[in-house]
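Read through the structure below, which is laid out as structure tokens, and then see the notes.
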2 protein chains.
Amino acid sequence: MASEEKAPRPLGDLERLVMEQLWAAPGALTVREVHEQLSLTRELAYTTVMTVLDRLAKKRLTERERDGKAWRYRAASPREELAADLMRDALDRAGDRREALVRFVGQVSDEEAALLREALARLEEREG
Amino acid sequence: MASEEKAPRPLGDLERLVMEQLWAAPGALTVREVHEQLSLTRELAYTTVMTVLDRLAKKRLTERERDGKAWRYRAASPREELAADLMRDALDRAGDRREALVRFVGQVSDEEAALLREALARLEEREG
DNA sequence: GGTTATCTACGACGTTACGTAGTAGATGCT
DNA sequence: AGCATCTACTACGTAACGTCGTAGATAACC
């Protein structure tokens, strides 16, 4: 149950890029690996990536494990989970939930509406 | 459709309080009116409220119209609309929308799930 | 075992958002 | 004219974040 919430600050641009690397990778990545990936597109100091990864860990968005003298980072939860959390959060801030949900479904594409129905149906059959 | 966007920064605490005043009011409010309301709970300088209202206007969250020498502010869109926008935004940032939606409906309360179904049903009957 | 390559830890600086407020000048009431 | 009221503009402190540098630990190398 959620109640009194600390709104999760949306990630900064670099933080998001780094998270995307982690989400895209099959396993945990070292600072160097993330740095190398990002270096394909932009120039960043190794320590910059390290700092970002470190801050993300402090925010509990990543977890890390030792691998020799280096750390390996991985996303603490899947990208879709974070998205769902943010959606929940937004809903929690709405005054009238019904109204907010109506507006929300009014904004989504037909395809997304279908996915929503599907998800609800699945939920129903699992819970009765 | 959606792709890379400018994430609407979540409001600061005071900004949120001010928006709530505007959302709660029937019409547009002057700085003084908002200030008086807030003063019931906390102590704030008149100009502080003015600054916040001004910044909210720059962010297009409020609109203002002249009323004599004063400005009257009103929320640019209903609270529920903003919530819906934030939900959309969160969804846009998810990798796999289906997955994100599944997780989202998995998080909502039974009541909210019912509201969602209702909203979807209404949408369907209106659009066919 | 000393040299070299790696890593991490920690600090630092610039920018931007936001909470908070003061001052100056315009505007309007009496 | 004189006072109240309102806006415009400026300012300052804090915190997040982008961005790095330096120092010291550690592992690898010859």
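Because only heavy atoms are used, hydrogens play no part in the values below, and waters and symmetry mates are left out as well, while side chains stay in. We name chains A, B, ... by the order of the sequence lines, and we start the count at 1 in each one.
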Which pairs pass salt bridge (charged side-chain N to carboxylate O under 4.0 Å, His left out) with one or both residues in [range], sequence neighbours excluded?
range                     : answer
residues 44-53 of chain B : none
residues 77-86 of chain B : A/Arg103-B/Glu81, B/Glu20-B/Arg79
residues 29-38 of chain A : A/Glu33-A/Arg72

Inset, instruction - Could you pull out all residues at least two apart from B/Glu43 that satisfy side-chain hydrogen bond (donor to acceptor under 3.5 Å, both in side chains)? - result: none

Partners passing side chain to side chain contact (heavy atoms under 4.5 Å, CB included) against [X] (at least two apart in sequence or in another chain):
X       : result
B/Ala57 : B/Thr62, B/Tyr73
A/Arg66 : A/Trp71
B/Ala76 : B/Glu63

Which atom of [X] lies closest to which atom of [Y], heavy atoms considered:
X       : Y        : result
B/Leu91 : B/Ala100 : CD1-CB, 4.1 Å
A/Trp23 : A/Pro78  : NE1-C, 3.5 Å
B/Ala28 : B/Glu65  : CB-OE2, 4.3 Å

Legend entry - Close side-chain approach of B/Leu115 and A/Arg98, heavy atoms under 4.5 Å: yes

Inset, instruction - Please determine if a side-chain N or O atom of A/Tyr46 lies less than 4.0 Å away from the OP1 or OP2 oxygen of C/dT8. - result: yes

Rounding to an integer number of Å, can you tell me how far [X] [atom1] sits from [N] [atom2]?
X       : N      : atom1 : atom2 : value
A/Leu56 : D/dT19 : CG    : C1'   : 15 Å
A/Lys58 : C/dC10 : NZ    : P     : 8 Å
A/Arg64 : C/dT8  : CZ    : P     : 8 Å
A/His35 : D/dC20 : NE2   : C1'   : 11 Å
B/Asp13 : C/dA17 : CG    : P     : 17 Å
B/Met19 : C/dC18 : CE    : C1'   : 16 Å
A/Glu33 : C/dT6  : CD    : P     : 14 Å
A/Lys59 : D/dA15 : NZ    : P     : 15 Å

Legend entry - Members of residues 22-32 of chain A that approach DNA chain D, where some heavy atom sits under 4.0 Å away: none

Inset, instruction - To the nearest 0.5 Å, tell me how far B/Leu86 CG sits from A/Asp92 CG. - result: 12.0 Å

Name the atoms and distances for all side-chain donor-acceptor pairs under 3.5 Å in residues 48-56 of chain A, with sequence neighbours left out.
| residue | atom | partner | partner atom | Å |
| --- | --- | --- | --- | --- |
| A/Thr51 | OG1 | A/Thr47 | O | 2.9 |
| A/Asp54 | OD2 | A/Lys58 | NZ | 3.3 |

For nucleotides 14-16 of chain C, list the nitrogen or oxygen atoms of the protein found under 3.5 Å from its nitrogen or oxygen atoms, one pair per line.
none

Close N or O pairs between protein and nucleotides 24-30 of chain C (under 3.5 Å):
| residue | atom | partner | partner atom | Å |
| --- | --- | --- | --- | --- |
| C/dT27 | O2 | B/Lys69 | NZ | 3.3 |

Inset, instruction - Pick base, sugar-phosphate or nothing for A/Asp54, based on heavy-atom distances below 4.0 Å to the nucleic acid. - result: nothing

Legend entry - Neighbour count >12 (heavy atoms, 6.0 Å) for atom CD, A/Glu111: no

Return the polar atom pairs (N/O with N/O) between nucleotides 20-22 of chain C and the protein under 3.5 Å, or none.
| residue | atom | partner | partner atom | Å |
| --- | --- | --- | --- | --- |
| C/dT20 | OP1 | B/Arg42 | NH2 | 3.0 |
| C/dT20 | OP2 | B/Arg42 | NH2 | 2.8 |
| C/dT20 | O4 | B/Arg55 | NH2 | 3.3 |
| C/dA21 | OP2 | B/Ala45 | N | 3.0 |
| C/dA21 | OP2 | B/Thr48 | OG1 | 3.3 |
| C/dA21 | N6 | B/Thr51 | OG1 | 2.8 |
| C/dG22 | N7 | B/Thr47 | OG1 | 3.2 |

